[in-house]
Amino acid sequence: MTDHPALALEGVGLRIGGARILDGVDLAVPSGELLGVIGPNGAGKTTLFNVVSGLIAPTAGRVRLNGDDVTRMPVHRRAVAGLGRTFQTSSLFGALTVLENVRQAAQARLGGASSVLRRPRGADAATTRAREALEEVGLAHRAGQQASGLAHGEKRKVEIAMLIAAEPSVILLDEPMAGVGSGDVPAITEVIRQLHRGGRTVLMVEHHMEVVLGLATRVAVMHHGELLAAGTPEDVMANPTVQQAYLGEAV
Amino acid sequence: AGGGGDADGGETPVKVAMITSQTGPLAAYGAAYQAGFEAGLDYATDGTGAVDGRELDISWDDDQGNPDTAVSKAKDYIGQGYRILAGTAASGIATALAEQAEQNEVLYISGPAATDAVTGINDYTFRSGRQTYQDVATAGTFIGDPAGKHVTVFAQDNAFGQGNFAGVEAVLGAQGANVDGVLVAEDATEFTPFAQQILAAKPDLVFVAWAGASSGAMWTSLQQQGVFDTVPVVTGLGDVATYGAYGEASGSISFLNHYFGGAAGTDAEKAMIAHLEENGAEPDLFSPDGFVAAQMIVQAVREGGDTVDGMIAALEGWTFDSVKGEITVRAEDHALIQPMYQAKLVQQGDGWAPELVDTVDAETVAPPVAGE
Amino acid sequence: MPAAGLLLVAALAVLPLLAIDIPGVLPGPTYTPGTLQLLAYAMLIAALALSYRMMFGLAGLLSFGHALFFAAGAYGLGMALDAFAPAAWPSEAIFLGAIAATLVFGLVLATTVGALALRVTGISFAMVTLAFAQAGSVLIRRNPGGATGGDEGLPLDTTHVPDALIGVMNTRNLYWVALGILVFVYLVVLWVERSRAGHVAEAARENETRVRVLGIRPYGVKLLVFIVASVLAAVAGMGYFLLQSGAAPRIATADFTLTILVIVVLGGVGYRWGAICGGIVYTLLDQRLTALAGSDAIAGLPAVLRVPLSEPLFILGTLFVLVVLFLPGGIAGIPARLRSGRAQHPLEKEGATDA
Amino acid sequence: MSTVLLLLVTGLGLGALYFLVASGLSLIYGLMGVLNFAHGVFLTVSAFLGWEVARRVSDGTWAGLAISALVGIVVGAAVAAATEYFIIRRLYERHIEQALVTVGISLAGVALFEGIWGSDPIYTKQPAWLGATTEILGARIPNDRFLLIACAVLVLVGIVLFLRKTRYGLIIRAGVENRQMVTALGIDVRRSFTLVFAIGGAAAGLGGVLASVYYGYVSAHLGSVLLIFAFIVTVIGGLGSLTGAAVAAVLVAVLQQFANYYLGGTGDLVVVVLLAAVLLIRPRGLMGKAA
Amino acid sequence: MSEPVLTVSHLFGRIGGQQVVEDVSFEVPGTGVTALLGRNGVGKTSTIKSVLGLIDRSGEVRLAGERIDRMPTHRIVQRGVGYVPEDREVFGGLTVAENLRLAERGDAPGREFVARLFPDLVARLAQRAGTLSGGQQQMVSLARALVNENRLLLVDEPTKGLAPKIVDEVADALAAAAAAVPILLVEQNLHVIRRLAERVVVLSGGRVVHTGPAAGFLDDEELVQRHLGVHDDHAEPAASAPEPEEAPR
Ligand SMILES: Nc1ncnc2c1ncn2[C@@H]1O[C@H](COP(=O)(O)OP(=O)(O)OP(=O)(O)O)[C@@H](O)[C@H]1O
Ligand SMILES: Nc1ncnc2c1ncn2[C@@H]1O[C@H](COP(=O)(O)OP(=O)(O)OP(=O)(O)O)[C@@H](O)[C@H]1O
Ligand SMILES: [Mg+2]
Ligand SMILES: [Mg+2]
């Protein structure tokens with residue numbers, strides 16, 4: 001392990017047409033941490049993830065992955081460098097089967113995904129790994145189904161299976177529980193915990209406070225594009241500003 | 001003429017494939033050509049449709065204005081044993097068929113397609129119409145002695161227009177005229193500024209080579225910008241459908257002409273018109289091309305026997321009376337030496353009708369021998 | 001399936017030696033040059049459609065410029081043969097050299113156009129490809145330096161072409177060449193589609209951002225598919241040039257690309273052999289409808305029926321509309337449709353209910 | 001100087017024609033996502049029927065022109081609405097197939113028109129004033145260009161006001177984003193889409209009649225010629241942006257004129273180069289909405 | 001129990017040829033909140049969409065006695081059905097005011113009520129809805145349904161993806177609305193259900209497996225566990241028809 005934080009943001013800012021979407025975000029996430037990111041709707045959480053994963057270029061500041069400046073690195077190279085993410089609204093390859101979806105992720109990790117010379121085979125390393133990942137999220141029985149026909153919660157699980165298969169070292173989860181039935185929440189929570197236990201660094205945006213409190217080692221709060229506070233879950237929950245801006249009377 | 005006579009005797013019909021546009025942009029030309037051909041066949045065979053007792057088995061087919069279709073059909077016919085091919089008004093198709101004729105050693109008599117390239121292209125290819133050179137040379141007859149005159153060619157920047165420009169340079173330039181060109185992109189739709197350009201050049205004669213739908217707008221522009229007020233304008237008179245295209249300019253244009261109904265006054269023409277009218281058609285620009293094609297095919301069969309070489313020999317150097325008068329198939333390059341016309345449009349009722357101004361002698365407008 | 005495929009290819013290969021006559025569909029028995037010519041033409045169009053399907057159906061790249069590469073093959077070969085004509089090398093060497101030069105030309109052109117056009121997506125991509133193709137089409141018609149023959153087309157200079165490929169009596173050989181090209185294109189397409197890159201292309205069609213965050217650069221894969229499809233189109237174009245003994249500017253127009261698109265959809269975008277079906281059915285229809293339009297049966301009809309029915313393109317266009325409306329899987333989708341009763345179109349994205 | 005002015009004004013006139021066709025295309029694409037290849041057919045059929053009626057009523061007079069314009073607008077709207085109602089509607093949300101059927105319609109339409117009216121252009125008559133010129137700063141400008149420009153401006157303003165100010169405009173803008181949700185608010189959105197087609201068709205119909213004035217003829221291919229430029233204009237302007245289409249129409253037409261005149265007839269090449277350049281630098285076009 | 005406002009009998013729904021609602025029967029009483037519950041993918045959204053005619057459906061659906069299962073969606077809505085879709089589905093390119101204006105039918109008596117309920121929206125009438133935060137968009141979506149006089153509201157997961165504070169606000173709004181109009185509510189958040197719902201209808205495998213009072217269901221841990229609880233096999237209930245706790249009429 002290096003002494004660099006797994007992910008560091010230094011003064012990250014984003015303005016779109018005069019609006020400040022992100023404003024001077026400083027954040028260091030040490031390796032192995034599970035950081036919960038909470039904040040009111042529209043605080044800029046998703047946008048922050050987009051900046052980290054490279055889908056949006058920040059207008060100020062820099063992003064470091066394991067100490068390396070990746071601010072200008074294209075999306076796919078960041079992924080190769082070990083950054084994985086899910087999306088707030090599930091985004092699978094609708095026309096592909098569940099297995100093929102996960103297999104793409106595994107193949108991307110194993111390399112040679114774009115080779116014309118080689119073919120994906122039923123028994124190659126990527127497929128095996130994809131099957132294992134599906135097993136892990138409990139969706140092995142859906143492997144052959146077309147992804148667009150899955151229900152919402154299942155799609156979420158497939159996305160996590162894709163992360164498992166891609167084995168990133170830093171993971172960004174954008175509201176993994178959104179739309180997931182209360183009955184399934186514990187199962188997915190458990191899968192995320194497994195992901196984290198494997199030594200990975202996880203950033204998770206989530207509005208389900210039980211989930212955040214149950215998983216996070218540290219919680220960061222965003223508000224109006226700024227990082228309000230970061231600390232242990234207990235500290236953050238006790239923070240009156242957070243209560244006022246985010247939690248209301250709930251919990 | 002030396003016919004490589006044949007043993008089979010006169011019983012088997014002679015198969016002839018006529019490939020021309022029945023649909024597509026040149027369908028109207030195809031129709032005129034076909035009607036002219038029927039008349040010519042009737043004339044040349046005295047209404048029997050047979051040559052020395054041998055039936056002529058004529059198959060008409062549509063090239064759709066598309067060289068691919070034409071080539072496919074030509075191959076089909078050649079494969080079925082056809083030795084005589086004729087037709088098409090499209091230059092692109094004519095050159096493609098000429099190529100097939102050479103590869104497969106069959107006789108091909110091209111239709112109204114005007115491109116000079118067909119003349120002398122190979123031994124197997126003849127033509128039944130006029131060529132661009134003859135058009136241009138006819139235009140030259142409008143300015144008396146071209147020496148020292150300034151001629152501006154106003155044409156589209158496509159094969160037809162470029163061919164005409166080159167033709168004018170070759171014909172009138174050689175006679176001492178000073179030739180320049182205003183070539184307009186084929187797809188241009190706005191001609192007003194070019195009319196200005198013509199005026200700025202201050203020519204003694206403007207030669208317009210234009211085909212297609214945009215001619216109406218083009219003439220309007222020349223008229224609006226006052227070109228006709230300052231300089232004589234010559235162009236080719238097209239088929240009947242285009243008589244309305246010149247609009248108000250009609251009366252101010254001098255036309256060179258390949259043919260219009262009543263231009264020639266020959267016996268053959270009378271026979272043709274009679275036959276056409278019987279069949280509900282009227283004489284048009286390309287009626288003689290079909291007529292001539294029929295005469296040439298009959299000649300080839302009658303004198304050439306069954307071998308292609310024989311037919312070629314029968315046609316080369318052949319002189320005959322046709323719609324436009326006396327016509328010669330020049331032996332060297334198969335150019336068709338024929339008279340041309342000067343004409344004008346006169347108001348007739350609601351529309352315009354052509355009137356003969358002068359007949360231009362065949363030799364005056366004969367192209368130089370190709371490839372020499 | 002491979003066995004059936006091999007059998008089919010074998011059957012097609014011996015066709016010129018048989019005398020099968022399908023009146024109304026083929027102009028004559030299968031050994032006659034006319035029929036072989038038609039079939040060879042259909043197979044080349046099928047090969048072209050197949051290459052287009054790979055780009056459109058697999059990678060979702062809606063190009064309006066595919067004709068450019070077909071024309072590049074045809075005109076490229078023609079111009080190369082012209083350019084090499086005076087050279088003193090043996091004819092065989094020149095012929096092969098011209099083919100190689102054309103392939104290189106196609107490759108360079110495809111790489112350039114693809115590299116630029118793929119910087120944008122969707123309709124913009126379609127329009128950039130259209131722009132390039134249109135520029136190509138204008139150039140060909142302008143006849144720069146007399147190289148392309150302009151409107152009149154570029155004839156085949158037969159000096160260095162093997163005798164076996166010249167003349168109607170050798171149409172059979174050209175037929176085999178066309179069959180060879182079709183099989184070759186099919187195999188390449190199959191290979192690419194089954195390769196990992198093919199799967200990535202398919203995934204990128206569905207959700208490009210997702211592919212990127214997985215760590216794969218879709219640009220490279222899409223460019224690859226574009227280049228392979230374009231070079232295959234050029235190969236088909238070369239076959240076409242030999243078969244037709246020339247090239248006409250028509251094959252470089254946007255209309256021609258649209259025709260290919262029509263063929264692919266007619267055959268069924270979701271199926272590889274759909275493109276082949278489409279190519280063959282379209283070509284035969286195109287031919288036969290002309291015959292039908294000129295037939296006496298139609299000439300005898302009242303004007304309301306006669307006028308539309310005597311226009312082959314009207315029938316074809318209407319037929320196409322009907323296929324899109326009522327046969328969303330195309331011809332190749334008919335069996336699947338019969339089986340499932342009602343099938344979702346393979347191109348269709350996730351239903352709106354999920355949006 | 002007068003040449004430049006002539007090029008400019010005639011370019012504006014041509015641009016106006018492009019805009020009349022492109023406005024409908026842009027509207028239909030922007031609001032419904034349909035790349036409408038049948039637009040040329042709407043234009044052509046309107047021009048033909050406008051001519052057929054005008055020549056029976058009073059050929060070559062202002063009344064004749066007004067009637068044919070009216071007929072053109074009505075026919076364009078009716079044919080377009082029928083196309084939407086009977087064909088496009090059955091394929092909702094399937095944009096590629098929608099574009100494809102319109103390709104089929106355009107193939108069939110052109111062939112049908114050739115069957116009915118022949119493949120030769122039919123020359124039309126206009127009021128004398130339109131055939132005359134007006135001299136401005138030494139340039140003799142054909143009068144019909146002024147008519148074209150005026151009509152295009154009216155159409156632009158009319159459509160923009162319609163979309164901004166009326167409830168139908170609101171429904172249409174919403175329907176573009178999420179058609180199902182509009183239905184779920186109790187609105188029959190299909191009717192609005194038919195309306196969009198009708199408006200686009202009406203603009204094309206007017207364009208068709210004016211095109212026959214501009215070119216001096218009607219023919220089965222009238223629409224196809226204009227359609228390709230209208231597409232280019234629509235895309236350069238930004239798909240779905242009417243003002244973008246207007247700006248691009250003028251830009252393309254004027255550029256085309258100048259290149260044809262000064263750069264040896266390279267107008268078409270310059271236009272496609274412009275198209276490629278604009279898209280590569282700014283993929284959503286000059287005024288298109290961000291993707 | 002009051003007269004049912006919505007009666008659904010033997011409803012089947014299909015998406016792209018796939019059966020997603022299978023023989024569902026239940027009714028919504030004329031007052032209060034009825035919660036439609038079930039695990040992910042059981043077909044809650046699809047049931048609501050079938051009722052509205054947004055997907056292919058067959059069966060019998062009556063709104064206050066009138067058959068609506070053959071009507072196109074816009075007619076059903078015009079009969080007085082408000083719909084708040086699963087993912088807000090506001091028109092991002094339109095302003096808040098335009099979103100509301102679009103939804104208004106007739107004289108829209110709910111205007112005042114909406115203005116009182118969501119003062120935040122009144123301040124943002126001219127803002128484009130696409131630039132609102134998720135919570136504000138949810139407000140717009142609710143407001144669109146509340147501006148009209150309705151006989152029934154269909155509300156699909158209104159708290160999904162919302163911050164806890166906003167969840168409370170939305171629940172408040174729904175409670176206020178429920179005083180005037182019956183609501184069929186799909187919701188995953190058990191706190192919200194507990195607070196609002198009087199009755200529950202539970203779906204599993206596309207079928208109704210339980211209907212009854214909310215309190216009774218929520219307090220029965222075993223029942224909750226069985227129908228909403230952790231299962232790793234989704235396919236099972238669809239295959240073997242489970243016995244309903246209370247037979248749907
Ligand atoms: N392209 C854009 N143009 C203008 N505003 C934008 C753009 N993208 C995002 N925003 C604004 O930036 C803010 C942050 O959005 P973001 O999606 O990051 O919020 P979030 O914290 O993820 O909210 P939620 O919890 O609802 O998902 C919002 O107010 C949004 O409207
Ligand atoms: N577009 C679609 N195509 C095919 N199947 C679909 C589609 N949309 C939904 N389904 C299927 O319909 C079933 C029911 O979906 P629905 O969205 O109604 O469930 P839900 O109960 O609302 O789930 P959630 O709690 O996740 O919102 C799911 O199993 C899903 O697989
Ligand atoms: Mg978010
Ligand atoms: Mg749902």
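In the text below, chain A, chain B and the rest are named by the order of the sequence lines, each starting its count at 1. None of the values given here were measured: they were computed from a predicted structure.
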Tell me, for C:L313 versus chain B, whether the close heavy atoms (under 4.5 Å) come from the side chain, the backbone, both or neither.
neither

On a heavy-atom basis, the closest approach of C:Q37 and B:K75 is OE1-CD, 2.7 Å

Going by the ring-ring contact (aromatic ring centres under 6.0 Å, His included) test, which pairs reach into residues 59-111 of chain B, not counting sequence neighbours?
B:F37-B:W60, B:Y77-B:Y82

Measuring heavy-atom distances to chain B, does C:L174 have an atom under 4.5 Å in its side chain, in its backbone, in both, or in neither?
side chain

Under 3.5 Å side-chain donor-acceptor pair for B:Q103 and C:S245
yes

Supply the atom-to-atom distance B:D76 CG to C:L38 CG, rounded to the nearest 0.5 angstrom.
8.0 Å

Less than 4.5 Å to any heavy atom of chain B: does that hold for the side chain of C:R142, its backbone, both, or neither?
both

Got B:E99 and C:T158 here, is their nearest side-chain heavy-atom distance under 4.5 Å?
yes

Report which part of B:E105 has an atom under 4.5 Å of a heavy atom belonging to chain C: side chain, backbone, both, or neither.
neither

If I take atom CG from residue B:N104 and atom CE from residue C:M169, how far apart are they, to the nearest 0.5 angstrom?
6.5 Å

Which residues pass the salt bridge (Lys or Arg N to Asp or Glu O under 4.0 Å) test with C:D82, not counting sequence neighbours?
none

Toward chain C, the part of B:S91 with a non-hydrogen atom under 4.5 Å
both

Among residues 113-127 of chain B, residues within the sub-4.5 Å heavy-atom range of chain C, in order of number, are B:T115, B:A117

Which atoms of C:L36 are under 4.5 Å from chain B, going by heavy atoms: the side chain, the backbone, both sets, or neither?
neither

Contacts of residues 62-72 of chain B with chain C (heavy atom under 4.5 Å)
B:D62, B:Q64, B:N66, B:P67, B:D68, B:T69, B:V71, B:S72

